[in-house]
**Q** 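Have a look at the structure that comes next, please.
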2 protein chains.
Amino acid sequence: MKIVGSICQNNVIISEEKQHKQEKQRVKTMVTIKDVAKASGVSPSTVSRVIADNPRITEDTKKKVRKAMKKLGYHPNVSARNLVAKSTKAIGVIMPSPANTALQNPFFPEVLRGISSVIHDERYSMSLSTGETEEEIYQEVQRMVYGSYVDGVILLYSRINDRVTNFLLENDFPFVIVGKPYDHETEITHVDNDNFKAGKEITNYLIGKGHERIAFIGGSSELFVTMDREAGYNTALQEAGLINLDAYKIHTEFLKSGGREAVEYLLSLETRPTGLVVSDDLISLGILSRLEESGFRVPQDFSLVSFNNVYLSEITRPALTTVDVKIYELGAQSAKALIEKTQNKDEPAKRIMIPHKMVYRDSVSEV
Amino acid sequence: MKIVGSICQNNVIISEEKQHKQEKQRVKTMVTIKDVAKASGVSPSTVSRVIADNPRITEDTKKKVRKAMKKLGYHPNVSARNLVAKSTKAIGVIMPSPANTALQNPFFPEVLRGISSVIHDERYSMSLSTGETEEEIYQEVQRMVYGSYVDGVILLYSRINDRVTNFLLENDFPFVIVGKPYDHETEITHVDNDNFKAGKEITNYLIGKGHERIAFIGGSSELFVTMDREAGYNTALQEAGLINLDAYKIHTEFLKSGGREAVEYLLSLETRPTGLVVSDDLISLGILSRLEESGFRVPQDFSLVSFNNVYLSEITRPALTTVDVKIYELGAQSAKALIEKTQNKDEPAKRIMIPHKMVYRDSVSEV
DNA sequence: CTGTTAGCGCATTCAG
DNA sequence: CTGAATGCGCTAACAG
């Protein structure tokens, strides 16, 4: 634990013992199916059937039993149920490894929302793993899988030769990837955008505005998203017969620092581009910041387009023209696919494509 | 579910059946403690003791058993264990109700990180609840508590007369609040900053820079954070003998739209303030955006200070002078306190104060 | 130091 | 349509 002690001991408040709480405590000692059975004059198995809403039970007895349940405040014990059902109705969500930097990107909260939505509707629960190191993550996934903690796993990342992916694959454990798997593409259900197409479209938009020198600024070139978007960018340039310089391709960190370096490099170029295709809104934010710091204006001096359409892209100055990749949908669909898969192990692997949408705002001008 | 159908059926890939997978599947049928017992020639209870690293077992047999476990690929079943242990070593984390807007604020990912860190170290797991409505949240908490899903709950919000809080209190279920409880303050363990002091300090900083007309822009006035920070601001003004106008107190939404309204109002004032105390970095972002849109510069025309020190406050132009409330710490300490509480129900309620720290950047100038 | 027994709370045969 | 019996995988007395 990296916790630097900081508890003000003098702020400790001792709460008064409350008598009636003691009673509640005693009463609360878990009311089981047996208690309900006794109270309603039936057998435990009947109660169990009522819980499952088994049609072979009379409406009358059902009513009777339900009343008893309510009266006693009965609630089925999940562990017991899981034990016999061999299913936890829980799914594990795995964040990319340095979770600290990952969670910074509004992308993730948004996928989580999507996932969460269907999880809740299906009455599942969600176990979040946000290990700091790759090793930690691996451990957590192991615990989840081996311990039968969860019925399935959603991977919010995709890495080359990833231990976790391989582990899941080897154990034939249900999982889906948000994004594009690096390998075994036909065996792994994944939910993705057509990033190539999106990259091409947004680049074409810039070209349509008259830009001829267009640079690409992306995150790690090891990420498929980056690669795909960049490929789309390349194709667009090529089809338009525009120059496609290596010098116009920059790869940087997802976070702030990246923006700075990228901009410095850009400005150092003898012939500067006029258009910028940036692979992530968060990077754009950094770029924007550094650009104006150096006295340049967007879109007057540089036109900029980017990807994701996180809420931030609306608040920036200028507001970003970006491709909306429907993050929420990515999450929702992946949860849906995973749940299907856990309920029917023979579900074939699918690729689910979420259509994107261009969002035009103020970061682009004619050249 | 608000999912608008969008699966490209034509993109479905059918994966080839693999023969060897079938085998793995069969082998995998859960190796239990009994299997290990048999394989190592001891009784199940001995195996159980080895798992618990019971000192009353010979190192020799331990070794023997462990070897068998490894060989068979044994892993304890969590549900079974939970059932008898009456503990799940899981804790539930509850987001504020419209989780969609809440998760937008980088504050939450950061608390999650803090929580996650100690959760992982203590080998607990974390169940995240992000209901969209208050009702949904209530349901999820009910399931968690009644179903013995989790051993304790962390509330990432605090509302007046909150059903969830009351429910937890009535059931005497272990929970902690990040922030300040609205009621039963002495009975509820909570982790908070001294927001009053922080508000006062940051306002004094502005005063020290020569500002005399200082406005306060806060989130919902129903939130304790807002109230406390505002109280600090008031006190600072008062002690400095400065005017304290109601017209200089604005309450707005946490998100972008808020910024706009607040700024419009501000600019409509006959005597405008020169200093702005903003209760949240995210609001500051909106303010900044609208201010410059209207042709004003920060810090030249307005000096601005705010709270939280989320990563964004470093990327904005200008970078924000803000009070770092140690979000990560808030999360970590709350998890720590909760775990202690679940392990010892008699732990008295505590108030844990996390010290804040001022971070000076570029959004303030002398007047 | 280790084995035997019992039971956690529930679902599910199999009888009736 | 309902009850009795059995077992899920594990831990915890209680014996040896």
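Since the structure is predicted, the reported quantities are computational estimates derived from the model, not experimental observations. Chain naming here is simple, since letters A, B, ... match the order of the sequence lines and numbering starts at 1 in each. Note that these values count all heavy atoms, side chains included, but never hydrogens, waters or copies made by symmetry.
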**Q** Looking at B/Arg163 and B/Glu135, is there a salt bridge between them, counting it only when a charged N and a carboxylate O are closer than 4.0 Å?
**A**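 Yes, B/Glu135 and B/Arg163 are salt-bridged.
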**Q** Using a strict cut-off of less than 4.0 Å between a Lys/Arg side-chain nitrogen and an Asp/Glu carboxylate oxygen, indicate whether B/Lys345 and B/Asp151 qualify as a salt bridge.
**A**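 Not counted as a salt bridge, because no side-chain N and carboxylate O are separated by less than 4.0 Å.
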**Q** Whole-Å distance between C/dA11 P and A/Ile57 CD1?
**A**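 In whole Å, C/dA11 P and A/Ile57 CD1 are 13 Å from each other.
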**Q** Heavy atoms under 4.0 Å, any strand shown: does A/Pro44 hit a base, just sugar-phosphate, or nothing?
**A**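 Result for A/Pro44 = nothing.
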**Q** Would you kindly compare B/Ala80 and B/Lys62 by the position of their nearest DNA chain C nucleotide and give the one closer to the 5′ end?
**A**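 In this pair, the answer is B/Lys62.
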**Q** B/Thr32 side chain N/O closer than 4.0 Å to the phosphate oxygens (OP1, OP2) of D/dG9?
**A**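 For D/dG9, OP1/OP2 do not have a side-chain N/O of B/Thr32 under 4.0 Å.
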**Q** Check the phosphate of C/dT5 against B/Ser45, side-chain N and O only, distance under 4.0 Å to OP1 or OP2. Yes or no?
**A**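 No, no such contact exists.
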**Q** Find the distance B/Met69:CE to D/dC10:P and express it as a whole number of Å.
**A**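 So the two atoms are 11 Å apart, to the nearest Å.
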**Q** Is the shortest side-chain N/O distance from B/Lys86 to OP1 or OP2 of D/dT11 below 4.0 Å?
**A**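 Checking B/Lys86 against D/dT11: no side-chain N or O falls below 4.0 Å of OP1 or OP2.
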**Q** Return the 5'-most residue of the pair A/Arg81, B/Pro55 with respect to DNA chain C, ranking by each residue's nearest nucleotide.
**A**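 Nearest nucleotide further toward 5': that of B/Pro55.
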**Q** For B/His190, which of B/Ile177, B/Val178, B/Val176, B/Ile352 qualifies under side chain to side chain contact (heavy atoms under 4.5 Å, CB included)?
**A**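 Exactly one option meets the side chain to side chain contact (heavy atoms under 4.5 Å, CB included) with B/His190, and it is B/Ile177.
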**Q** OP1 or OP2 of C/dG3 versus the side-chain N and O atoms of B/Thr46: is any pair under 4.0 Å?
**A**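 Yes, within the criterion.
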**Q** Starting at OH of A/Tyr74 and ending at C1' of C/dA11, how long is that distance when rounded to a whole Å?
**A**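 Distance, rounded to whole Å: 11 Å.
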**Q** Kindly say if B/Lys34 contacts the phosphate of D/dC10, meaning a side-chain N or O under 4.0 Å from OP1 or OP2.
**A**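 Answer no for this pair, as no side-chain N or O of B/Lys34 is under 4.0 Å from OP1 or OP2.
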**Q** Which residue is it: B/Phe175, B/Tyr124, B/Tyr149? I am looking for the one with a side chain to side chain contact (heavy atoms under 4.5 Å, CB included) to B/Ile91.
**A**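 Single pass found, and it is B/Tyr124.
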**Q** Between C/dG3, C/dC8, D/dG3, which nucleotide has the shortest distance from any of its atoms to the side chain of A/Arg49?
**A**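 Nearest to the side chain of A/Arg49 among the choices is D/dG3.
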**Q** Whether A/Tyr146 contacts D/dG9 is assessed here as follows: a side-chain N or O lying under 4.0 Å from the phosphate OP1 or OP2. Is that the case?
**A**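 So the side chain of A/Tyr146 is outside the cut-off, no N or O lying under 4.0 Å from OP1 or OP2 of D/dG9.
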**Q** List in chain and number order the residues that pass side chain to side chain donor-acceptor pair (under 3.5 Å) with A/Gln142, two or more places apart in sequence or in another chain; answer none if no residue qualifies.
**A**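 For A/Gln142 there are no side chain to side chain donor-acceptor pair (under 3.5 Å) partners, ignoring immediate neighbours.
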**Q** Does a side-chain N or O from B/Ser79 land closer than 4.0 Å to OP1 or OP2 of D/dG9, or not?
**A**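 So the side chain of B/Ser79 is outside the cut-off, no N or O lying under 4.0 Å from OP1 or OP2 of D/dG9.
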**Q** In whole angstrom, give the distance that lies between atom CD1 of A/Ile51 and atom P of D/dT2.
**A**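 Nearest whole value for this atom pair: 15 Å.
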